[in-house]
Amino acid sequence: MPAACDSLLEDIEDIVSAEDLKPRDRQFVRKSVVPKVRKRNSQKNVQADDDPPSDSIIPGVQKIWIRTWGCSHNNSDGEYMAGQLAAYGYKITENSTEADLWLLNSCTVKSPAEDHFRNSIKKAQEENKKVVLAGCVPQAQPRQDYLKGLSIIGVQQIDHVAQVVEETIKGHSVRLLGQKKDNGKRLGGARLDLPKIRKNPLIEIISINTGCLNSCTYCKTKHARGDLASYPVEELVDRAKQSFQEGVCEIWLTSEDTGAYGRDIGTDLPTLLWKLVEAIPEGAMLRLGMTNPPYILEHLEEMAKILNHPRVYAFLHIPVQSASDSVLMDMKREYCVADFKRVVDFLKEKVPGITIATDIICGFPGETDEDFQETMKLVEEYRFPSLFINQFYPRPGTPAAKMHQLPALVKKQRTKDLSQLFHSYRPYDHKVGERQRVLVTEESFDSKFYVAHNRFYEQVLVPKDPGFVGKMVEVDIYEAGKHFMKGQPVSDAKVYTPSLTKPFAKGEVSGVTEELRHALKNGTNLKTCPSVGIQEKTSLCCRMVMQIPWQQRGRGLKILSMSLALLAVLVTFYYGGV
């Protein structure tokens with residue numbers, strides 16, 4: 001090539017010099033080129049060539065089946081994950097067979113729940129489904145053998161579910177288990193204003209805090225949810241107001257211990273409840289979740305006033321677990337039986353007709369026959385209308401699992417004896433003939449009735465009149481069972497409609513703008529609708545999805561790098577030849 005260049009090149013073809021091969025010479029040389037035959041001996045190589053590269057898979061168009069086990073808090077997490085995935089473009093299906101991916105949201109409270117979770121994982125693998133695991137089981141024990149190689153999203157990371165699902169769809173295994181912190185302080189978890197698909201469009205489940213202050217020796221949930229972390233009062237009130245604007249008529253407050261709310265942020269449960277009561281429209285109702293005895297003792301007076309409020313159910317779930325102080329000490333429950341009785345007796349006196357629900361564990365390590373008889377006496381005395389009876393199961397990694405276990409037959413017999421006592425009394429027979437006002441929110445399991453609840457959150461079955469759904473109805477009680485009553489609507493009574501907007505349709509995404517909701521109804525997902533914005537408080541996850549997903553940003557950088565590399569080659573070729 002020439003040693004110097006006298007002028008700028010007018011055409012890239014001028015780079016070719018006299019010493020270069022002419023087209024005719026290049027054609028002659030080709031005759032001596034022998035192509036190398038690529039051997040394809042193994043079926044593995046054939047399969048690898050047939051499979052498209054992971055980059056060719058388009059996330060956001062697949063069908064996802066979500067299964068949730070456990071408490072209301074877990075169900076709320078499942079609703080948030082469903083909402084984010086739907087907003088991203090995925091189709092949430094109730095048919096597990098047609099789904100491309102299963103999102104399994106687990107519960108670690110009892111061994112049977114984890115067994116169901118494990119069996120579902122095995123079934124998904126047998127059916128060649130992609131799997132993402134969520135909930136307390138993988139959060140508490142991510143290194144279990146049956147979880148190896150599978151994608152996991154932690155209980156505080158559900159705002160990143162779209163990214164985890166996307167990578168799983170591509171064939172990658174992702175584990176996102178970190179805790180959220182702000183200036184070193186642990187946060188309550190994912191934001192409350194994330195998109196959500198409510199299982200029941202009429203009921204909003206709000207987790208007011210995560211974790212708890214206790215260290216019960218039998219509890220595995222503490223390993224997953226950690227110490228207490230409360231959401232600010234204003235965020236919870238804002239979430240409630242948004243829910244009512246979306247047609248919700250009933251709010252459930254949930255957490256591992258609602259009574260401990262606010263102790264980590266300088267407030268308390270009554271303060272939150274009074275603020276929420278101000279935001280509840282007439283005709284809508286608020287239900288409180290579970291609270292342990294130690295954290296309600298100092299608020300008894302205020303709690304009684306709140307539970308007497310006409311827009312708050314006179315209902316409280318207070319677990320006792322055992323009526324033996326020695327067993328409670330071994331459980332590290334931080335209260336005695338007298339404390340529990342004081343709470344119940346005070347509320348029964350100050351809130352006439354209140355429903356007290358409780359939990360009891362049968363067969364805890366070290367429980368004697370005398371201990372168990374004390375528990376039987378407690379149930380006989382209070383005749384709890386709602387009683388959750390649990391046979392003790394040792395959970396791996398808990399102190400109670402290392403204690404001397406009672407024989408399985410003893411635990412089963414005590415569970416059976418307590419169940420027989422519970423079914424020996426009927427708490428609602430005396431209410432036949434009463435006229436009650438009930439809020440209708442769902443359909444019965446047998447699909448024959450609508451399910452409503454009265455002032456005391458007692459279940460009342462009413463006829464299936466579509467005009468009753470989401471409304472207050474006056475009924476006459478004409479029949480009572482162990483767990484329910486049946487009511488006949490009063491013919492001349494007014495059906496009260498709460499001052500709310502029309503509720504969302506089943507499966508509709510909450511927490512998005514009208515423009516985005518319209519886009520979703522027309523089959524447009526966030527990836528193809530970047531100009532659509534969510535409300536001002538949209539989560540970081542959703543902002544990333546809507547503006548430019550981190551996955552797309554990675555591909556953009558890759559393309560930019562390739563372009564720069566090609567430019568560098570051309571420049572080198574140009575200046576190397578001059």
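Throughout, numbering of the chain's residues begins at 1 and tracks the sequence. Just the heavy atoms: all of them, side chains too, but no hydrogens, waters or symmetry mates, feed the values below. Note that the structure is predicted; figures quoted are calculated from it, not measured.
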Output for pair (T415 OG1, I361 CD1), nearest 0.5 Å, gives 10.5 Å
S419: partners by side chain to side chain donor-acceptor pair (under 3.5 Å), with sequence neighbours left out: none
Does any N or O in the side chain of R455 come within less than 3.5 Å of the main-chain N or O of V312, such that one atom is a donor and the other an acceptor? yes
Determine, step by step, whether V451 and L461 satisfy the side chain to side chain contact (heavy atoms under 4.5 Å, CB included) criterion, reporting the C-alpha distance in whole Å, the side-chain angles of both residues, the deciding distance to 0.1 Å, and the verdict. CA-CA 5 Å; V451 178; L461 304 179; 3.9 Å; yes
Is any side-chain heavy atom of Q405 closer than 4.5 Å to one of P365? yes
Please indicate whether K275 has more than 12 foreign heavy atoms, meaning atoms of other residues, nucleotides or ligands, lying under 6.0 Å from its NZ. no
Sorted by chain and residue number, the side chain to side chain donor-acceptor pair (under 3.5 Å) partners of S447 (sequence neighbours excluded) come out as E443
Just how far is it from atom CG of N75 to atom CH2 of W252, taken to the nearest 0.5 Å? 8.0 Å
Can you list every side-chain hydrogen bond (donor to acceptor under 3.5 Å, both in side chains) pair that touches residues 473-483, not counting sequence neighbours? R435-D476
What's the spacing between E79 CD and I66 CD1 if we round to 0.5 Å? 10.0 Å
Go through the steps to decide whether F244 and I251 satisfy the test side chain to side chain contact (heavy atoms under 4.5 Å, CB included), and finish with yes or no. CA-CA 9 Å; F244 292 128; I251 284 184; 3.5 Å; yes
For the residue pair P142 and L177, establish whether any side-chain heavy-atom pair is separated by less than 4.5 Å. yes
In terms of heavy-atom contacts, P270 and M303 come closest through CG-SD, 4.2 Å
Has T217 got a side-chain atom pairing as donor or acceptor with P399's backbone, closer than 3.5 angstrom? no
Hey, does the side chain of S230 reach the backbone of R263 with a donor-acceptor pair shorter than 3.5 angstrom? no
Side chain proximity check, T68 to K199, heavy atoms < 4.5 angstrom: no
Taking R118 first and then D115, would you say they form a salt bridge - that is, a charged N and a carboxylate O separated by under 4.0 Å? yes
Should we count NZ of K464 as having more than 12 external heavy atoms under 6.0 Å? yes
Test item: N105 and L103 side chains (from C-beta on) under 4.5 Å apart, heavy atoms: no
Taking only residues two or more places apart in sequence or in another chain, which ones pass side chain to side chain contact (heavy atoms under 4.5 Å, CB included) with M485? Y428, K431, Q436, N454, E458, V460, I477, A480
Could you tell me which residues satisfy salt bridge (Lys or Arg N to Asp or Glu O under 4.0 Å) with K341, sequence neighbours excluded, listed by chain and number? E381
Looking at Q420, I want to see if its CD is surrounded by more than 12 non-hydrogen atoms of other residues, nucleotides or ligands under 6.0 Å. yes
Indicate yes or no for a side-chain donor-acceptor contact from N200 to the backbone of T441 under 3.5 Å, with no hydrogens or angles considered. yes
Give a yes or no answer on whether the side chain of Y335 reaches the backbone of V320 with a donor-acceptor pair at less than 3.5 Å. yes
Tell me, please, which residues at least two apart from P319 pass side chain to side chain contact (heavy atoms under 4.5 Å, CB included). M290, N292, H317, Q321, R333, D359
Is a side-chain donor or acceptor of S106 paired with a backbone partner of V137 at a separation under 3.5 angstrom? yes
Could you check if a side-chain atom of H73 sits within less than 4.5 angstrom of a side-chain atom of T210, using non-hydrogen atoms only? yes
Just wondering, do L347 and I318 contact through their side chains at under 4.5 Å, heavy atoms? yes
Within the distance-only criterion (no hydrogens, no angle test), does the side chain of E367 pair as donor or acceptor with the backbone N or O of C362 below 3.5 angstrom? no
Reference residue S510; test side chain to side chain donor-acceptor pair (under 3.5 Å); the match among E204, E246, K196, Q245: E246
Is there side-chain contact between L378 and T358, with heavy atoms separated by less than 4.5 Å? no
Check for a donor-acceptor pair, side chain of S444 on one end and backbone N or O of F449 on the other, with a separation under 3.5 Å. yes
Does any N or O in the side chain of R287 come within less than 3.5 Å of the main-chain N or O of F315, such that one atom is a donor and the other an acceptor? no
For T254 versus S72, what's the shortest heavy-atom pair and its separation? OG1-CB, 3.5 Å
Nearest 0.5 Å, what's the CG-CD distance between L269 and E298? 10.5 Å
Apply the test side chain to side chain donor-acceptor pair (under 3.5 Å) to residues S255 and N209: give CA-CA distance (whole Å), side-chain angles for both, the deciding distance (0.1 Å), then the verdict. CA-CA 6 Å; S255 76; N209 56 261; 3.2 Å; yes
Nearest 0.5 Å, please: how far is NZ in K220 from CD in E114? 8.0 Å
Who are the side chain to side chain contact (heavy atoms under 4.5 Å, CB included) partners of R311, not counting sequence neighbours? I280, E282, H309
Sorted by chain and number, sequence neighbours left out, salt bridge (Lys or Arg N to Asp or Glu O under 4.0 Å) with K222 holds for D227
Give a yes or no on whether H423 atom NE2 has more than 12 heavy-atom contacts from other residues, nucleotides or ligands under 6.0 Å away. yes
Name all residues meeting the side chain to side chain donor-acceptor pair (under 3.5 Å) criterion together with Y313; count only those two or more places apart in sequence or in a different chain, and write none if there are none. E250
Between D339 (side chain) and C336 (backbone), is there a donor-acceptor pair under 3.5 Å? yes
Excluding sequence neighbours, so at least two apart, what forms salt bridge (Lys or Arg N to Asp or Glu O under 4.0 Å) with K377? E374
Aromatic ring pairing F384/Y382, orientation class (parallel under 30°, perpendicular over 60°, tilted between): parallel
For the student: nearest non-hydrogen atoms of V351 and A314, plus distance: CG1-CB, 3.9 Å
For D325, all residues meeting salt bridge (Lys or Arg N to Asp or Glu O under 4.0 Å), sequence neighbours excluded: none
Please walk me through it: do V473 and V462 pass side chain to side chain contact (heavy atoms under 4.5 Å, CB included)? CA-CA 9 Å; V473 183; V462 300; over 6 Å; no
Side chains of S324 and S322: do they bring a donor and an acceptor to under 3.5 Å? no
Would you indicate whether the side-chain heavy atoms of N308 and P352 approach each other to under 4.5 Å? yes
Got a salt bridge between R225 and D77, using NZ or NE/NH1/NH2 to carboxylate O under 4.0 Å? yes
From Q157 atom CD to M81 atom CE, the distance as rounded to the nearest 0.5 Å: 12.0 Å
Pair listing, side-chain hydrogen bond (donor to acceptor under 3.5 Å, both in side chains) test, anchored in residues 346-355, at least two apart: none
Run the numbers on Q373 and D369 for side chain to side chain donor-acceptor pair (under 3.5 Å), then give the verdict. CA-CA 6 Å; Q373 288 306 314; D369 287 337; over 6 Å; no
